[in-house]
S.K.: 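Below you will find the structure I want to go over with you.
Start at 1 and go down the list; that is how both ligands and their atoms are numbered. Both backbone and side-chain heavy atoms feed into the values below; hydrogens, waters and symmetry mates do not.
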Amino acid sequence: MQRTLILLKPDCFQRRLLGRIITRFEDKGLNFVALKLLHITPKLAKEHYAEHVEKAWYPTLEAFITGGPVVAGVLEGLEAIAVVREMLGATSGIKAAPGTIRGDFSSSRQMNLVHGSDGEEAAHREIALYFKPEEIVANTPAIATWMRAADE
Ligand code: CDP
Ligand code: MG
């Protein structure tokens, strides 16, 4: 089992797409173990996007990601990090394949609706940025026995 951080970005909130995007993750069989609404501060934005802070486009990214409420969540599942990244599609909504979240809902390089951790180290770091250990609610959905075989 693997855990990954997702952010439903301010464009997702403002466009009232939260429910439809959350439904896609639920439909896939991923399991929420944490979920909350928050406003990202410039400080948190710089921590989250530390690898991008020096880029020319970072100031506009910070303005965007701090510009409205976001939903942060932790999803759990088999290979959840790669599964979520595949579901998101390419970074730019213009390039993302139809059928992916960004491909279906975004026509922007920046306003691409959802963040997903890009590896195990990032997932670990990002989950700790948004959630205290006691905010993670381990749970096994009743339907789990009908979502995959016992030995998977
Ligand atoms: O989110 P992802 O890992 O797919 O992309 P990234 O290259 O790590 O970039 C992080 C985020 O910065 C993207 O999801 C976009 O919202 C934003 N971005 C941007 O505003 N302008 C760019 N030229 C590239 C990315
Ligand atoms: Mg990235």
S.K.: Return yes if some donor-acceptor pair links the side-chain N/O of Glu76 with the main-chain N/O of Asn31 below 3.5 Å, else return no.
M.R.: no

S.K.: What part of Lys55, side chain from CB on, backbone N/CA/C/O, both or neither, has a heavy atom under 4.0 Å from ligand 1?
M.R.: neither

S.K.: Testing Asn139, Ile6, Val137 one by one against Phe32 for a side-chain contact (heavy atoms from CB on, under 4.5 Å), which residue passes?
M.R.: Ile6

S.K.: List ligand 1 atoms under 4.0 Å from Asn112, heavy atoms only on the residue side.
M.R.: 13 (C), 14 (O), 15 (C), 16 (O)

S.K.: Which protein heavy atom lies closest to atom 18 (N) of ligand 1, and at what distance to 0.1 Å?
M.R.: Trp57 CZ3, 3.4 Å

S.K.: Thinking salt bridges, do Arg20 and Asp104 make one under a 4.0 Å N-O criterion?
M.R.: no

S.K.: If you measure every N/O of Lys9 against every N/O of ligand 1, is any gap under 3.5 Å?
M.R.: yes

S.K.: Which residue and atom name correspond to the protein heavy atom nearest atom 2 (P) of ligand 1, and how close is it?
M.R.: Thr91 OG1, 3.5 Å

S.K.: Can you list the atoms of ligand 1 that are under 4.0 Å from a heavy atom of Arg85?
M.R.: 2 (P), 3 (O), 4 (O)

S.K.: Any sub-3.5 Å donor-acceptor pair from Asn112's side-chain atoms to Thr91's backbone N or O?
M.R.: yes

S.K.: May I ask whether Arg102 has any heavy atom positioned less than 4.0 angstrom from an atom of ligand 1?
M.R.: yes

S.K.: Would you say ligand 1 has an N or O under 3.5 Å from any N or O of His52?
M.R.: yes

S.K.: State whether the side chain of Asp11 and the backbone N or O of Leu113 hold a donor-acceptor pair below 3.5 Å, judged by distance alone.
M.R.: yes

S.K.: Nearest protein heavy atom to atom 15 (C) of ligand 1, by residue and atom, and its distance?
M.R.: Arg109 O, 3.5 Å

S.K.: Could you tell me whether the side chain of Arg102 and the main chain of Lys95 form a donor-acceptor pair under 3.5 Å?
M.R.: no

S.K.: Are more than 12 heavy atoms from other residues, nucleotides or ligands located less than 6.0 Å from atom CD of Glu86?
M.R.: no

S.K.: Would you say Leu61 touches ligand 1, if touching means a heavy atom closer than 4.0 Å?
M.R.: yes

S.K.: How does the hydrophobic cluster around Val53 look, that is, which other residues are in it when side-chain heavy atoms under 4.5 Å mark a link?
M.R.: Leu5, Leu7, Val33, Leu38, Ile40, Leu44, Tyr49, Trp57, Tyr58, Leu61, Phe64, Ile65, Val70, Val74, Met111, Ile127, Leu129, Tyr130, Phe131, Ile136

S.K.: Starting from atom 16 (O) of ligand 1, what is the nearest protein heavy atom, named by residue and atom, and what distance separates them?
M.R.: Gln110 O, 2.8 Å

S.K.: At a 4.0 Å cut-off, with the gap strictly under it, does some heavy atom of Met111 reach an atom of ligand 1?
M.R.: no

S.K.: Is Tyr49 in polar range of ligand 1, meaning some N or O pair under 3.5 Å apart?
M.R.: no

S.K.: For the backbone of Gly116 and the side chain of Arg85, can you confirm whether one donor and one acceptor N or O come within less than 3.5 Å of each other?
M.R.: yes

